[in-house]
There are 2 protein chains.
Amino acid sequence: MNSAPRPMIDVAIVEDNVPLGESLRMVVDSMEQARCVGVWTSAEEGLRKIDAFRPAIVLMDINLPGMSGIEATARLKREFPEIQVIIVTVHRENEKIFEALKAGACGYLIKRSRASDVRQAILDVHNGGAPMSAEIARRVVEAFHSAPAKAAPEEAAVHLSVRETEVAKLVAEGLANKEIADRLDLSIETVRGHLKKIYDKLHVRCRTEAAVKYLDSIRDRNPFG
Amino acid sequence: MNSAPRPMIDVAIVEDNVPLGESLRMVVDSMEQARCVGVWTSAEEGLRKIDAFRPAIVLMDINLPGMSGIEATARLKREFPEIQVIIVTVHRENEKIFEALKAGACGYLIKRSRASDVRQAILDVHNGGAPMSAEIARRVVEAFHSAPAKAAPEEAAVHLSVRETEVAKLVAEGLANKEIADRLDLSIETVRGHLKKIYDKLHVRCRTEAAVKYLDSIRDRNPFG
DNA sequence: CCGTCAACTACCCATTCGGGTTGAGCGGTG
DNA sequence: CACCGCTCAACCCGAATGGGTAGTTGACGG
């Protein structure tokens, strides 16, 4: 009650599991800095009511009957980009979590998180953080690498010799070592030898990876092969 | 010791401040799971020696005389994408840290971190994590949002089922069946089963061909899968 | 209740791969 | 000349792969 009353953090919850939803509401309402402005049991209901309540943060279940939490997040962020979405998920839904982050969620909570984790996540987000596990954080960072990396790339000057390039090309066509040997009139052992050097130079461990990298590398250059 | 001797995590350190570098070495060498394979005092020296030592993780100072840690990280990741880089920085160099992450670093350490933080960061990275603060995490996630603008679909590019598509994607990343099984939480036999169907549907006979066809089929679509 | 289909698991088997090592011939360069 | 990189070749071995066959389960629609 002083002259600098921090505005409360309004939090909405979209969760079809009613007990869990109520449990989350209690946790939110137990916070000094936050309050729950609504608990809705479907993405459709949430999207309908969110405009009236304008929460700062939405705890969004990822698995909802009807529209998924991912789709809901995407729509929500399109309509109200300032609203932060924290995905609520059961353990081990990495793929979905990743999709949700792409859709605009800024972090997530595991369903069996303790109350303190929930509070912390809300504060994290409010303070500009992004609550997520190490594993997901890494995947996000990695996805993040490749995108800006394409802006100023110019791949490593990994230069394959003439013979190695011929082999790499055939590997990328899906030929087996024996077929490559026939095609280039070499011994299969020689093909294997070249392959080892190729793996080494390309920093890969199998022909499939080598094929992908090789094709990738000639995509920007003069594709005379 | 037991019959499952985990291989040591080789860590290299690039830090021009010698006392700090030695201090980091001691912390690394104090770990059961890790060891320090070199402490180098410049980016140039690091890049020169790294090929011989092939550390799994590099602790890279962000401010180095001559080539910066950011530039060094970018070059390092171009040459050896499998090496994980943890940026070592004085606090509050957000812009630079962000740049470093874009350059390919997967996380960072504050210079005055405690030994336990250093150990934790190394283990985090080794276990697929990405050590970083809430603030940086959020910026990464946000940068990540703007690029992709899609939400839900799982279009089977050709005729592949959802599961088959997941498998195909991982094959195209060069993963072995066992790794795919781990990643998707399946039995290796199931992966093989899906693979057989994929070969059938794609009219190919090996994973490499499948990878190429799959990548080809999604090249027009979303950059992420 | 039954048929179908996708997803999942399992076992067998011949072949192929990847890794490590070694070595020879050749041409260019310091 | 000695050294180095490229090409070609061979051997060993454990692990991975592809090919075939077969069975269970759950969901969906007849």
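Here is the naming used below: chain letters follow the sequence lines, and residue numbers restart at 1 for every chain.
- Contact annotation: Arg163(B) reaches the phosphate of dC8(C) (side-chain N/O to OP1 or OP2, under 4.0 Å).
- For the OP1/OP2 pair of dC17(C) and a distance below 4.0 Å, the side-chain nitrogens and oxygens of Arg207(A) include at least one atom meeting the criterion.
- In this structure, of dT21(C), dA7(C), dG19(D), it is dA7(C) that holds the atom nearest to the side chain of Glu164(B).
- The closest donor-acceptor contact from the side chain of Arg207(B) to the backbone of Ala176(B) lies at 3.5 Å or more, if one exists at all.
- Using a distance-only test at 3.5 Å, with no hydrogens or angles considered, a donor-acceptor pair links the side chain of Glu164(B) to the main chain of Ser161(B).
- No donor-acceptor pair under 3.5 Å is formed between the side chain of Glu173(B) and the backbone N or O of Leu175(B).
- Within residues 175-190 of chain A, the residues approaching DNA chain D are Leu186(A), Ser187(A), Glu189(A), Thr190(A), by heavy-atom distance under 4.0 Å.
- Considering only side-chain N and O atoms, Tyr199(A) lies nowhere under 4.0 angstrom from the phosphate OP1 or OP2 of dG19(C).
- The pair Lys49(A)-Glu45(A) counts as a salt bridge, with a side-chain nitrogen and a carboxylate oxygen less than 4.0 angstrom apart.
- Lys178(A) places no side-chain N or O within 3.5 Å of a backbone atom of Ile188(A) that could act as its donor or acceptor partner.
- No side-chain donor from either of Arg192(A) and Ser187(A) sits under 3.5 Å from a side-chain acceptor of the other.
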Report, one line per pair, each donor and acceptor closer than 3.5 Å where one atom sits in a side chain of residues 59-71 of chain B; sequence neighbours left out.
unit_1   : atom_1 : unit_2    : atom_2 : d
Asp61(B) : OD1    : Asn63(B)  : N      : 3.3
Asp61(B) : OD1    : Lys111(B) : NZ     : 3.4
Asn63(B) : OD1    : Lys96(B)  : NZ     : 2.9
Asn63(B) : ND2    : Glu93(B)  : OE2    : 2.9
Ser68(B) : OG     : Ile70(B)  : N      : 3.3
Ser68(B) : OG     : Glu71(B)  : N      : 3.1
Glu71(B) : OE2    : Arg75(B)  : NE     : 2.7
Glu71(B) : OE2    : Arg75(B)  : NH2    : 3.2

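- When the local axes at the two ends of the helix from dC1(C)-dG30(D) to dG30(C)-dC1(D) are compared, using 5 base pairs at each end, they differ in direction by 40° after rounding to 10°.
- For the pair Glu166(A)/Leu184(A), a side-chain contact is recorded, criterion being any heavy-atom separation below 4.5 Å from C-beta on.
- If you check distances only, the side chain of Arg205(B) never reaches the base of dG18(D) with a donor-acceptor pair under 3.5 Å.
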